[in-house]
Amino acid sequence: MGDLLERNTLRELETRRATADPGSGGEWRVSLEVEATKVAVDTLGAETDMPMDDLVEIGVYPAAEAGEESEPLYLAMHRIRSGPQTIAVTVSGRPARAGIDPRHLLIDVRPDDNVVDITEPSAGGN
């Protein structure tokens with residue numbers, strides 16, 4: 001219990017890019033480029049980098065009407081480690097937005113960069 005009072009654990013979760021490719025039968029292959037870091041902050045404000053190996057929610061959403069929230073096409077936990085990584089999922093509907101920790105369940109330094117609009121992959125790849 002002392003650990004809980006002596007330090008806070010913060011994360012920086014970011015979705016850098018999300019793309020979608022149409023498949024057969026109305027399915028879409030969504031690829032998310034995410035980056036994750038984790039730090040412990042003690043009572044004096046000193047930060048210590050920590051290895052991240054946590055289950056974090058990934059969400060994919062369809063387009064929504066103005067002022068409305070849409071039900072997710074996909075919402076599941078994934079093992080996320082420190083650093084950049086790519087996550088690929090298949091959804092049964094046209095996706096519009098996707099991201100890491102979309103419902104802000106974790107304490108995140110900048111939660112406004114968790115979910116991004118999906119873009120079409122560039123012709124010929126990167």
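Hydrogens, waters and symmetry mates play no part in the numbers below; they use all other heavy atoms, side chains included. Throughout, numbering of the chain's residues begins at 1 and tracks the sequence.
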What residues, two or more places apart in sequence or in another chain, satisfy side chain to side chain donor-acceptor pair (under 3.5 Å) together with [X]?
{"X": "E14", "result": "none"}
{"X": "Q85", "result": "none"}
{"X": "S31", "result": "none"}
{"X": "R94", "result": "none"}

Using 0.5 Å steps for rounding, measure from the [atom1] atom of [X] to the [atom2] atom of [Y].
{"X": "E33", "Y": "T86", "atom1": "CD", "atom2": "OG1", "answer": "5.0 Å"}
{"X": "D108", "Y": "D113", "atom1": "CG", "atom2": "CG", "answer": "6.5 Å"}
{"X": "E57", "Y": "D101", "atom1": "CD", "atom2": "CG", "answer": "7.0 Å"}
{"X": "I118", "Y": "T15", "atom1": "CD1", "atom2": "OG1", "answer": "10.0 Å"}

If you look only at pairs with a residue in residues 77-96, which of them pass as a ring pair (Phe, Tyr, Trp, His ring centres under 6.0 Å), with sequence neighbours excluded?
->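 Only Y74-H78 qualify under ring pair (Phe, Tyr, Trp, His ring centres under 6.0 Å).
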With sequence neighbours excluded, give me every ring pair (Phe, Tyr, Trp, His ring centres under 6.0 Å) pair touching residues 81-109.
->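 Applying ring pair (Phe, Tyr, Trp, His ring centres under 6.0 Å) to every pair that reaches into residues 81-109, excluding sequence neighbours, yields nothing.
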Does a side-chain heavy-atom distance below 4.5 Å link I100 with L32?
->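 In short, these two side chains do not touch, never coming nearer than 4.5 Å.
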Connected hydrophobic set around Y61, excluding itself, where side chains approach under 4.5 Å |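 Under the 4.5 Å side-chain rule, Y61 groups with L75.
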Tracing side-chain links under 4.5 Å among I, L, V, M, F, W and Y, which residues wind up in one group with M77?
->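 Via sub-4.5 Å side-chain contacts, M77 links to L55.
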Can you name the nearest heavy-atom pair linking G99 to P102, along with the distance?
-> O-CD, 3.9 Å
Just jot down the salt bridge (charged side-chain N to carboxylate O under 4.0 Å, His left out) partners of D54, sequence neighbours excluded, or say none.
->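 Residues passing salt bridge (charged side-chain N to carboxylate O under 4.0 Å, His left out) with D54: R11, K38.
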Residue pairs involving residues 84-93 (criterion salt bridge (charged side-chain N to carboxylate O under 4.0 Å, His left out); sequence neighbours excluded) = none
With P62, which residues qualify under side-chain contact (heavy atoms from CB on, under 4.5 Å), at least two apart?
-> S70, L73
Using the side chain to side chain contact (heavy atoms under 4.5 Å, CB included) rule, pick out the option among L13, L105, I87, N114 that qualifies with V56.
-> L13
Going by atom type alone, with no hydrogens or angles, which donor-acceptor pairs under 3.5 Å involve a side-chain atom of residues 44-53 and a protein atom two or more places apart or on another chain?
none

